[in-house]
Amino acid sequence: MTDTDTDSTRPAEGEARGPRPSRLHSLMRLIPLIAPVLLWAVPCWVLLHAGQHWPLAVALVGTAVFFLGLVGMPLAMVRGHGRRQQDWAAIIGDTLLGASWVLFTWSVLLGVLLRAALAVTGVGDSQDRARIVTWAVLGVTAVLLAWGYAEARRVPRVRRLDVQLPRLGAGLDGLRVALVTDTHYGPLDRARWSARVCETVNTLEADLVCHAGDIADGTAERRRAQAAPLGTVRATHARVYVTGNHEYYSEAQGWVDLMDELGWEPLRNRHLLLERGGDTLVVAGVDDVTAESSGLAGHRAHLAGALAGADPGLPVLLLAHQPTFVDRAAAAGIDLQLSGHTHGGQIWPFHHLVRLDQPALAGLSHHGTRTLLYTSRGTGFWGPPFRVFAPSEITLLVLRSPRTATASQ
């Protein structure tokens, strides 16, 4: 196995400035102010003030609880994820964010659909229907949060699939590629979880193990204990890693250095050659697309640099954290891109918003004339410790060549 890397440089200074922000862009900036109000005000109205006629004490106490959530969640998020980086505050803020999202979603759905169904079927009077909706929303929310928390904290299931690459040589047929991504080690200490994930990866007996970025929320110094088990991961040929956008919120170079220290190959706009049975696979990686705006010298997504010196006739497996990079990959004729970032939406129905930003949510998709993209739902979770209808995964991709009828393991 050999490697090739290229010098990563920032673009020349003095480039023309981009266009002025549009009105839509200006409105998007207001979302952090508007969203918390909606997340708490809508459930408050649906559960307490939409015809239930609760006793005054119940209405006042309930409204006070929602008001505390509205005020407390942003304050906790700022203390947890802002300059102070207080883990206890981040845990509170993230949990309130996830709980309010689920409560908001089902307040809207059941507040409209269930109430309409009850009215059509003639169940009770308006007050009875309003109270049925309240208890239904609270019950569904409680069940989904309990289940979602268990799903977020469990060791992910292994998802196995065969991926045929037309240009893959017969000697590489059956190559086993394990993919983990979006571990997001963070305020909740998951060192034991991390160790169990790594043990699971080792049972796959992979030839190549990939981490597609977003290792943690926090610097390498703060999250070292949670990331340390990554050093125990085994692979027959190589362990490779690319940065995600969250590394660039947390001193990315520190994570690159730590992964190198743990025995992983950081593919920062460079490639390795994986050889087996007389055939070769180019394993390339690029920095996350947010790298250039981070201000870190030498950090940017540079596909041409990652492929520099590689034989254009060889098949290429590319690691790029965000699926949106696939447009560039397809234009360059990449055979397979491995990505994460989306979390599969993490908490339904957030996946609809993710699809506005990314070309794929999860699974295998085709792009251009020959490029395949596999998007993982992620191994961990970001922020809110819940996964609702978006299970985490450890992925085992078995690469197949059309040039042989017999797999060589």
(Q) Less than 3.5 Å apart, any donor N or O on the side chain of T379 or H211 sitting next to an acceptor on the other? (A) no

**Q.** Gap separating the CZ atom of F66 from the CG atom of L48, nearest 0.5 angstrom
**A.** 5.5 Å

Q) With V78, which residues qualify under side chain to side chain contact (heavy atoms under 4.5 Å, CB included), at least two apart? A) none

Q: Among D173, L336, D162, find the one that has a side-chain contact (heavy atoms from CB on, under 4.5 Å) with L399.
A: L336

Q. Any side-chain donor paired with an acceptor under 3.5 Å for T219 and E221?
A. no

Q. Do you see a donor-acceptor pair shorter than 3.5 Å between the side chains of T290 and H321?
A. no

Q: Calculate, to the nearest 0.5 Å, the distance between atoms CZ and CZ belonging to R190 and R153 respectively.
A: 7.0 Å

Q) Does the side chain of Q52 pick up a donor-acceptor pair with the side chain of T134 at under 3.5 Å? A) yes

(Q) Given 3.5 Å as the limit, does a donor-acceptor pair link the side chain of R222 with the main chain of G186, or not? (A) no

Q. Does the cation-pi check pass for R79 over W88, that is, NZ or CZ under 6.0 Å from the six-membered ring centre and within 45° of its axis?
A. no

Q: Compare all side-chain heavy atoms of H237 with those of L208 and state whether any distance is below 4.5 angstrom.
A: no

Q: Using only heavy-atom distances, determine whether the side chains of H81 and D94 contain a donor-acceptor pair under 3.5 Å.
A: yes

